[in-house]
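Heads up, the thing below is written out as structure tokens.
Quick note: numbers below take in every heavy atom, side chains included, and nothing from hydrogens, waters or symmetry partners. Numbers here simply count residues along the sequence, with the first being 1.
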Amino acid sequence: MGLFKKLKEGAPPKVQLRSGERHPFGMFDSYVPLQTNETRLYRAIREAVPIVDAAIMKIIRLTGGFSVSCENKTAERAINEFLRTVDTGRGQRGIGSFLDTYLDSMITCGSAIGEIVLRGANIAAVVCGDVSAIEIKEGSSPLDFTICLRSAGGEPKPLPYQELLLFTPFNPGPEHPYGVSLLSSMPFLTEILLKIFSSIGVNWERAGNLRYAVIMKPQGDILDRAYARERSEQMAREWAAAMQSSKTGAVRDFVAVGDVDIKVIGADSQVLDSEVPVRQILEQLIARTGIPPFMLGLSWSSTERMSSQQADMLTSEITAIRRTLTPVIERICSLWLRLNGFACSYRVEWDDINLQDEVEEARARLYDAQAKKYLSEIEETEGGEENEDN
């Protein structure tokens, strides 16, 4: 017990596992920038590879909505109305629009920043901010940090009302406690994929816009050798005129005298098959998002459908994202209840995740109804037999 008596009352807890060392520049010690350059890179990946952007949007949509239940029903109706109509900036209303933008930043940038805006003694709006414009200043304990805004001169200044700021890291780890982007493992594969697409574009531009080589072979007599240049220039003019006429839809023949050979430039070169490498790269990218391929319009198998295993895996991914977002919702709800004079407890209830086929649901309802009917018939039969015995 002597060890515990040595701890002073009110002293910050000592963390043993997270190192307190920073970079060697003392004037910037304890400031952690949230990776501005990487944020631009991840945004570029979503813009360059549409299927990655579609997968992230699917994750955001599948996260679904929620409601708040309270012991006080008056408070429950009021807070749900507030969540439905709260201003979220730029012409949007409802906490759903805020969470969509917040989750988008969290997945893409590795962290998200938001703010609760007060007007008087009530919440006027809940808005998202640019996470690349802030820095984190760590305190004396690794459990404490301050959110700072980078000023025009580059100096980070602590924001005055920290209790009104919402900050959430995505998949934090020991090396990156302030979040890791979902796209952090994609730049290498994206670079290869874009090289393939760029090469395909160049090859098709070359193969699609046909270029011809017109070769005149003189017969070797004196007349051909004397007028070879004039004849070649005349053939070039006639060939150009024939090609120009085809652009307007007119048909014009090219007539030449002698041994003339016409070939398509580049027709003998082989265009590489890109289907296999592109599919292999896309499989890696989509596997990182956790979305089944057929939900993104990809038919890689003849039996593409939502299996129970895929549904369970996707449900667990969505549940994990909901666990990350729940503390943000609880902070907003707690502040609103306190400002409006409600001291009741509450609970955030997410909507049910439904990923099964309609046919399977209908079959399940049918089996359930048949089982209930069968049990009721058994009960009626047993009841009739008891009455006869009596």
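Looking at Gln162, its side chain does come within 3.5 Å of a backbone N or O of Ile147 through a donor-acceptor pair. Panel note: side chain Asn72, backbone Thr74; a donor-acceptor pair is recorded below 3.5 Å.
Under the salt bridge (Lys or Arg N to Asp or Glu O under 4.0 Å) criterion, no residue pair touches residues 315-340, with sequence neighbours excluded. Within the structure, the ring-ring contact (aromatic ring centres under 6.0 Å, His included) test picks out the following pairs touching residues 74-94 (sequence neighbours left out): Phe82-Trp336. Sorted by first and then second residue, the pairs that involve residues 182-201 and meet salt bridge (Lys or Arg N to Asp or Glu O under 4.0 Å), not counting sequence neighbours, are Glu191-Lys195.
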*Apply side-chain contact (heavy atoms from CB on, under 4.5 Å) to the pair Ile95 and Phe66, showing each step before the final yes or no.*
CA-CA 10 Å; Ile95 198 66; Phe66 68 94; 3.6 Å; yes
*Please lay out, stage by stage, how Val117 and Val126 fare under the test side-chain contact (heavy atoms from CB on, under 4.5 Å).*
CA-CA 6 Å; Val117 182; Val126 183; over 6 Å; no
*Could you please spell out the steps behind the side-chain contact (heavy atoms from CB on, under 4.5 Å) verdict for Thr324 and Asn171?*
CA-CA 9 Å; Thr324 306; Asn171 291 336; over 6 Å; no
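How far OH of Tyr42 is from OG1 of Thr190: 10.5 Å, rounded to the nearest 0.5 Å. Remark: Thr63 OG1 to Asp100 CG distance equals 8.0 Å, nearest 0.5 Å. For the atom pair Ile45 CD1 and Ser181 OG, the distance stands at 7.5 Å (nearest 0.5 Å). The distance from the CD1 atom of Ile79 to the CD1 atom of Ile332 is 9.5 Å, given to the nearest 0.5 Å. A distance of 6.5 Å separates CD1 of Ile113 from CD1 of Ile136, quoted to the nearest 0.5 Å. One finds the CG atom of Leu182 at 11.5 Å from the SG atom of Cys109 (value rounded to the nearest 0.5 Å).
Between Leu285 and Thr289 the shortest side-chain heavy-atom distance does not fall below 4.5 Å. In this structure, Tyr102 and Leu325 have side chains that are in contact, with non-hydrogen atoms separated by less than 4.5 Å. A 4.5 Å side-chain heavy-atom check between Lys137 and Pro156 finds every atom pair outside the cut-off. Looking at heavy atoms from C-beta onward, Pro292 lies in side-chain contact with Leu314 at the 4.5 angstrom threshold. Under the 4.5 Å side-chain criterion, counting only non-hydrogen atoms from C-beta, Lys373 is not in contact with Gln370. Phe188 places none of its side-chain heavy atoms less than 4.5 Å from the side chain of Gln284. Taking the side chain as every heavy atom from C-beta outward, Thr88 and Thr101 never approach each other to under 4.5 Å. Side chains of Cys333 and Leu83 form a contact here, defined as non-hydrogen atoms less than 4.5 Å apart.
Qualifying side-chain hydrogen bond (donor to acceptor under 3.5 Å, both in side chains) partners for Glu76, counting only residues two or more places apart in sequence or in other chains: Lys73. Listed by chain and number, the residues in a salt bridge (charged side-chain N to carboxylate O under 4.0 Å, His left out) with Asp352 amount to none (sequence neighbours excluded). With sequence neighbours left out, the side-chain hydrogen bond (donor to acceptor under 3.5 Å, both in side chains) criterion links Asp130 to Ser132. For Arg46, the salt bridge (charged side-chain N to carboxylate O under 4.0 Å, His left out) test picks out Asp53, Asp104, with sequence neighbours left out. Residues passing the ring-ring contact (aromatic ring centres under 6.0 Å, His included) test with Tyr346, sequence neighbours excluded: none. In this structure, the salt bridge (charged side-chain N to carboxylate O under 4.0 Å, His left out) partners of Arg347, at least two apart in sequence or on a different chain, are Glu349. Glu283 pairs by the salt bridge (charged side-chain N to carboxylate O under 4.0 Å, His left out) definition with Arg279, not counting sequence neighbours. Among residues two or more places apart in sequence or in another chain, the ring-ring contact (aromatic ring centres under 6.0 Å, His included) test is passed with Phe170 by none.
Of all heavy-atom pairs spanning Arg150 and Ile134, the tightest one is NH2-O, 3.7 Å.
Side-chain contacts under 4.5 Å among hydrophobic residues (ILVMFWY), followed directly or transitively, place Val180 with no other residue at all.
Inspection of the Thr319 and Trp350 side chains reveals no N or O donor paired with an N or O acceptor under 3.5 Å.
Atom CD of Glu377 has more than 12 neighbouring heavy atoms from other residues, nucleotides or ligands inside a 6.0 Å radius. Under a cut-off of 6.0 angstrom, the local environment of CD in Glu163 is crowded, with over 12 non-hydrogen atoms contributed by other residues, nucleotides or ligands.
Note on Phe98 and Ile59: same hydrophobic cluster, where clusters join Ile, Leu, Val, Met, Phe, Trp and Tyr whose side-chain heavy atoms are under 4.5 Å apart, directly or indirectly. Note on Phe197 and Ile192: same hydrophobic cluster, where clusters join Ile, Leu, Val, Met, Phe, Trp and Tyr whose side-chain heavy atoms are under 4.5 Å apart, directly or indirectly. Grouping the Ile, Leu, Val, Met, Phe, Trp and Tyr side chains by contacts below 4.5 angstrom, directly or via other members, places Leu335 apart from Val127. Residues Ile286 and Val276 fall into different hydrophobic clusters, defined by Ile, Leu, Val, Met, Phe, Trp and Tyr side chains chained together at heavy-atom separations under 4.5 Å.
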